[in-house]
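Convention: sequence-line order gives letters A, B, ...; per-chain numbering from 1.
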Amino acid sequence: MQLTQPEVNDFRRTLLAWYGENQRPLPWRRDRDPYRIWVSEIMLQQTRVAAVLYRYERFLERFPSLERLASARVNSLLAEWSGLGYYRRARHLHGAARILVRERQGVFPQTASELARLPGIGAYTAAAIASMAFAEPVPAIDGNVERVLRRIIGKRQRRRDLRDAAEQILDRSRPGDFNQALMELGATVCLPSRPRCPACPIRGFCSTRGCGELRQLKPRRRKRNITYAIVQRQHEIILVKRDPGSRLLPGMWELPEVDNEKGKTWFSLRHSITTTDFTVYVVRLAGLPGGGRWIKMSSLDMLPLTGLARKILRVAGIIQSL
DNA sequence: AATCCGGGGCA
DNA sequence: TGCCCAGGATT
């Protein structure tokens, strides 16, 4: 994409004007507090805005500052993170908070290159925080922006070309707004499958206008059946802690898995994880042959439950929140 | 560059 | 049921 300087200026002005009119009022856009922006960016990694909206304010009430986050137990974070997925994000968030408090007196680095050294912060997130909180003129290229840039540039791009184009069009006086404008465009107009080109403010600069898409081959999804038992007495329920060394959901708590006996199902539900669609059956049992621990139901909110366990307990009416 | 990590909502 | 969706770490 070779634009003249007046064209670049026109592009920036047009996009920022559109963003000013059309941006969604998201809670992390309220101010430039690096802590609030950081938390939002980590939550938003591979996670839909709608899912984050439910959790964001509650998380900040529980951990209102970097210091409070750093002094919390990691299990508290995981419990609060339950259902959001990619639990390594919560562990990295905690680790980074401790590093910031211990080594930097709780002061955030103000450049993308320094931010990227913290756990859980890659190139995109570093640029997003640096531009939004500290106005550093660096392009933030996430999946949305990459798609938008590819469409604008047209055919025959490499990663290098994307970066060059992003550098060229970035508004250096308002990098945070500009980056968010590009992301907002990707999230609401320049959609992956059905781009709304007639509604696009910068269609005049776009060389493809949604054509020539190369859709990725999606991995086929597996199906699995699984059965969990709910075993209760008075104010307690049996839960199982996953192996802390397991690759999947290490150290998190779930319901005991049992063999499926036909006709015993209390209820069933569906649960999708990565490329597997689970059909989950839940049975009520009076006792359990295997292991597990009795957990007070009043303390369930404090425990790092897997998203599925939380979902089952909610459907069963044993917990209410989220 | 490929692979692993999770989850929910909607048509 | 199929499809879509604001990445980072590891190898």
Side-chain angles (χ1 to χ4, degrees), chain A residues 19 23-24 26-29 36-56 78 81-93 95-96 112 115-129 131-132 139-149 158-160 176 179-195 213 215-224 226 242 245-252 254 269-280 304-312 314-315 322:
Chain A
Y19 180 63
Q23 66 172 287
R24 294 166 293 178
L26 302 176
W28 44 89
R29 288 177 175 164
R36 290 174 57 91
I37 291 173
W38 173 50
V39 170
S40 76
E41 285 299 333
I42 301 299
M43 278 192 180
L44 286 164
Q45 288 168 3
Q46 299 295 101
T47 306
R48 310 171 70 101
V49 168
V52 172
L53 283 175
Y54 282 109
R55 314 298 194 111
Y56 182 67
L78 288 169
W81 208 265
S82 172
L84 271 174
Y86 295 97
Y87 297 92
R88 245 186 338 191
R89 293 184 296 172
R91 298 180 193 275
H92 284 323
L93 198 67
L115 285 162
R117 296 207 195 100
L118 291 166
I121 300 185
Y124 158 73
T125 305
I129 298 171
S131 63
M132 294 175 202
I141 306 178
D142 69 343
N144 273 334
V145 173
E146 179 174 336
R147 180 179 63 255
V148 172
L149 291 176
R158 309 147 181 251
R159 299 208 66 82
R160 180 75 227 176
N179 283 334
Q180 290 188 82
L182 227 37
M183 288 188 267
E184 191 78 353
L185 192 71
T188 63
V189 176
C190 195
L191 303 168
S193 49
R194 289 280 206 86
E213 283 294 276
R215 307 273 322 149
Q216 305 250 27
L217 257 62
K218 299 133 196 131
R220 80 179 305 126
R221 300 186 73 87
R222 307 167 187 280
K223 300 178 198 305
R224 257 192 73 191
I226 192 167
R242 295 178 62 87
S246 80
R247 296 165 65 89
L248 194 58
L249 306 168
M252 299 189 70
E254 59 186 355
L269 51 80
R270 296 193 352 144
H271 191 69
S272 303
I273 295 179
T274 315
T275 59
T276 306
D277 290 329
F278 288 95
T279 301
V280 181
L305 299 171
T306 66
L308 176 53
R310 183 170 297 277
K311 191 155 126 185
I312 293 170
R314 193 168 56 229
V315 173
L322 290 173

Give the nucleotide from the list [options] with an atom nearest to the side chain of [X].
{"X": "Leu248(A)", "options": "dC5(B), dA9(C), dG2(C)", "result": "dC5(B)"}
{"X": "His271(A)", "options": "dG8(B), dG7(C), dA6(C)", "result": "dG8(B)"}
{"X": "Glu184(A)", "options": "dC4(B), dA6(C), dG7(C)", "result": "dA6(C)"}
{"X": "Arg270(A)", "options": "dG7(C), dG2(C), dA6(C)", "result": "dG2(C)"}
{"X": "Arg88(A)", "options": "dC4(B), dG6(B), dA6(C)", "result": "dC4(B)"}
{"X": "Arg147(A)", "options": "dG6(B), dA6(C), dC4(B)", "result": "dA6(C)"}
{"X": "Thr125(A)", "options": "dA6(C), dG7(C), dG8(B)", "result": "dG7(C)"}
{"X": "Ile273(A)", "options": "dG7(B), dG7(C), dG2(C)", "result": "dG7(B)"}

Rounded distance in Å - [atom1] ([X]) to [atom2] ([N]):
{"X": "Ile42(A)", "N": "dA6(C)", "atom1": "CD1", "atom2": "P", "result": "17 Å"}
{"X": "Arg310(A)", "N": "dG7(B)", "atom1": "CZ", "atom2": "C1'", "result": "14 Å"}
{"X": "Ile129(A)", "N": "dG8(C)", "atom1": "CD1", "atom2": "P", "result": "9 Å"}
{"X": "Gln45(A)", "N": "dC4(B)", "atom1": "CD", "atom2": "P", "result": "20 Å"}
{"X": "Leu249(A)", "N": "dG7(B)", "atom1": "CG", "atom2": "C1'", "result": "11 Å"}
{"X": "Leu308(A)", "N": "dG7(B)", "atom1": "CG", "atom2": "P", "result": "8 Å"}
{"X": "Phe278(A)", "N": "dG7(B)", "atom1": "CZ", "atom2": "P", "result": "10 Å"}
{"X": "Arg224(A)", "N": "dG7(B)", "atom1": "CZ", "atom2": "P", "result": "14 Å"}

Where each residue is assigned the nucleotide of DNA chain C containing its nearest heavy atom, which of Arg48(A) and Leu118(A) is assigned the position nearer the 5′ end?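 Looking at DNA chain C, the more 5' nearest nucleotide goes with Arg48(A).
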
Base, sugar-phosphate, or nothing for [X], non-hydrogen atoms under 4.0 angstrom?
{"X": "Tyr86(A)", "answer": "base"}
{"X": "Gly83(A)", "answer": "sugar-phosphate"}
{"X": "Arg29(A)", "answer": "base"}
{"X": "Arg247(A)", "answer": "sugar-phosphate"}
{"X": "Trp28(A)", "answer": "base"}
{"X": "Leu26(A)", "answer": "base"}

Side-chain ion pair, Arg29(A) and Glu184(A), N-O less than 4.0 Å: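 Glu184(A) and Arg29(A): salt-bridged.
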
With no hydrogens and no angle check, just 3.5 Å: does a side-chain donor-acceptor pair link Gln45(A) and Tyr124(A)?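 There is no such pair between these side chains.
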
Exercise: do Thr188(A) and Arg24(A) side chains pair donor with acceptor under 3.5 Å: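 No donor-acceptor contact under 3.5 Å links the two side chains.
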
So Tyr56(A) and Trp28(A), would you call those rings parallel, tilted or perpendicular, with 30° and 60° as cut-offs?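 It falls in the perpendicular class, over 60°.
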
Beyond-backbone contact of Trp81(A) with Arg89(A), side-chain heavy atoms, under 4.5 angstrom: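 They are in contact (side-chain heavy atoms under 4.5 Å apart), so the answer is yes.
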
Reckon Lys311(A) has a side-chain N or O less than 4.0 Å from the OP1 or OP2 of dG7(B)?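 For dG7(B), OP1/OP2 do not have a side-chain N/O of Lys311(A) under 4.0 Å.
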
C1' gap between dG6(B) and dC4(C), integer Å: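 Approximately 15 Å lies between the C1' atom of dG6(B) and that of dC4(C).
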
Search all heavy atoms of Gly95(A) against all heavy atoms of Pro119(A) and return the closest pair with its distance.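 What the structure gives for the nearest pair is C-CG, 4.2 Å.
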
Side chain of Arg24(A), base of dA6(C): donor and acceptor closer than 3.5 Å?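 Result: at least one qualifying N/O pair found.
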
